[in-house]
Amino acid sequence: MRADSVNVQSVSHAVTDIRHDWQLAEVKALFRLPFNDLLYRAQAVHRRHFDANEIQISSLLSIKTGACSEDCAYCPQSARYDTAVKREHLMPLEDVLKAAAQAKAQGASRFCMGAAWRSPKDRDLEQVARMIEGVSSLGLETCVTLGMLTDRQAHRLKEAGLDYYNHNLDTSEAYYAEIITTRTYQDRLDTLRRVRDAGIHVCCGGIVGMGESEDDRAKLLLELAALPQHPESVPINLLVQVAGTPLAGTEKLDPFIFVRTIAVARILMPASRVRLSAGRTAMSDEMQALCFFAGANSIFYGERLLTTENPLVERDRGLFDRLGLRMETLDS
Ligand code: SF4
């Protein structure tokens, strides 16, 4: 069932639990609930808005890789860090469409295209616009992540038929300077506003396991929940530590804290798709099952996530079978 097709009874519940006025103390109290109480509460919220056994599948392709001028401390695509990522120019349209057709055949309902740019140049944006048109014509939802946008660029993407724009807040405003210095938190919020104003759905989340505190995790989710409209998609990433990036060697996050983060995201943004994103290769099947129980109902599918590894499609299918989960289709 799609979030926009919930039945009338669900909607009457839904109206009451969508809030934009959460307070930090409340969010921290959620994080500190006994684990079973937190998961029970998240699962109850989840069931009011979604079919609890259905997972939306997105596939992600890097359409322009590496040589990025930004300094995001987790990212192997930054030109500032010596990593194994090789620079690749913007992919030809035919290659993108081939990858999109393959993703659809494997069960994806949304095709996300990522380019390692601070912000797109107008001539590049036109090429991306053609990709969006081509992928849409295959019957897939489209999402792109291209960095910061101007108002005009956001409108151009909408005109091309773009469904979602991904732009993550990454972490709390307080911890942000430890992670990125080449653009501000406000820059990110400005791009999110432009995307929303252009009428494009918002995909926005963050990364945990970057050495942030519980306070930072609570503030990140609070910031997302305080947006005038909750993002339709909320990717929660577990840091993938890549050799050569400043965050390689960061102390590993307790897996239960990750599950708690998913659960709190579900409670704070009841009608949003909470996406279990980067970091799934490091998670056991049991941990992923807990994340689904805590309210994650979307994953990235496919063997690569931009430049890092992702579980094999067969492994995901096997896990879904064992858990009785179904993939959402666009007409379900
Ligand atoms: S996360 Fe995006 S903006 Fe930051 S360095 Fe990587 S590609 Fe560039």
Side-chain angles (χ1 to χ4, degrees), residues 58-91 96 112-122 124-125 127-128 131 143-150 153-154 157 162 164-173 175-192 194-195 202-212 216 220 223-224 231 233-248 250 275 277-280 300 302 304-310:
S58 292
S59 185
L60 177 60
L61 176 71
S62 179
I63 56 170
K64 184 266 164 185
T65 306
C68 183
S69 60
E70 303 298 278
D71 68 350
C72 310
Y74 51 82
C75 183
Q77 300 203 67
S78 168
R80 296 160 195 253
Y81 313 134
D82 185 13
T83 68
V85 169
K86 298 275 176 297
R87 176 187 188 150
E88 289 169 26
H89 295 290
L90 191 58
M91 274 175 88
V96 172
C112 310
M113 296 167 270
W117 288 320
R118 173 179 167 80
S119 51
K121 295 192 177 68
D122 286 344
D124 293 327
L125 198 80
Q127 293 196 57
V128 174
M131 293 173 188
C143 176
V144 296
T145 180
L146 313 171
M148 293 184 287
L149 295 180
T150 62
Q153 289 176 324
L157 291 172
L162 182 67
Y164 290 81
Y165 193 84
N166 165 264
H167 200 62
N168 290 332
L169 285 179
D170 284 356
T171 188
S172 70
E173 186 167 15
Y175 195 60
Y176 185 82
E178 302 292 321
I179 305 298
I180 300 136
T181 66
T182 47
R183 56 181 150 175
T184 65
Y185 213 68
Q186 189 58 48
D187 288 334
R188 294 200 180 234
L189 292 168
D190 290 347
T191 291
L192 291 172
R194 291 182 180 120
V195 167
V202 170
C203 171
C204 181
I207 309 174
V208 295
M210 298 196 294
E212 75 286 339
D216 293 313
L220 164 67
E223 194 80 51
L224 291 167
S233 281
V234 180
I236 304 291
N237 298 277
L238 177 63
L239 175 70
V240 176
Q241 300 195 14
V242 182
T245 60
L247 292 185
T250 305
R275 180 168 307 120
S277 302
R280 283 201 304 124
F300 276 123
R304 291 202 74 69
L305 268 190
L306 293 178
T307 61
T308 56
E309 291 191 348
N310 202 40

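Only heavy atoms go into these numbers, but all of them, side chains included; no hydrogens, no water, no symmetry mates. Indexing begins at 1, ligand by ligand and atom by atom, following the structure's order.
With a cut-off of 2.8 Å, atom 6 (Fe) of ligand 1 has an N, O or S atom of C75 in range.
Residue-ligand proximity: R183 is placed with a non-hydrogen atom under 4.0 Å from ligand 1.
Atoms of ligand 1 found under 4.0 Å from any heavy atom of E70, numbered from 1 in the order shown, are 3 (S), 4 (Fe), 5 (S), 8 (Fe). In summary, the atoms of ligand 1 found under 4.0 Å from a heavy atom of A116, numbered by their order in the structure, are 7 (S).
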CA sep, side-chain torsions, deciding dist, call: Q153, D122, side-chain contact (heavy atoms from CB on, under 4.5 Å): CA-CA 8 Å; Q153 289 176 324; D122 286 344; 3.0 Å; yes
May I have the step-by-step check of side-chain contact (heavy atoms from CB on, under 4.5 Å) for V128 and M113, ending in yes or no? CA-CA 9 Å; V128 174; M113 296 167 270; 5.8 Å; no
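In the model, T182 has a side-chain atom that pairs as donor or acceptor with a side-chain atom of D71 under 3.5 Å. At a cut-off of 3.5 Å, with distance as the only test, no side-chain donor of Y74 or N237 sits close to an acceptor on the other residue.
When hydrogens are left out, the protein atom nearest atom 4 (Fe) of ligand 1 is C72 SG, 2.2 Å; that is the closest non-hydrogen contact.
The option with the heavy atom closest to atom 8 (Fe) of ligand 1, from among S119, C68, G66, is C68.
Between D124 and K64 there is no salt bridge, since no side-chain N of the basic residue sits under 4.0 Å from a carboxylate O of the acidic one.
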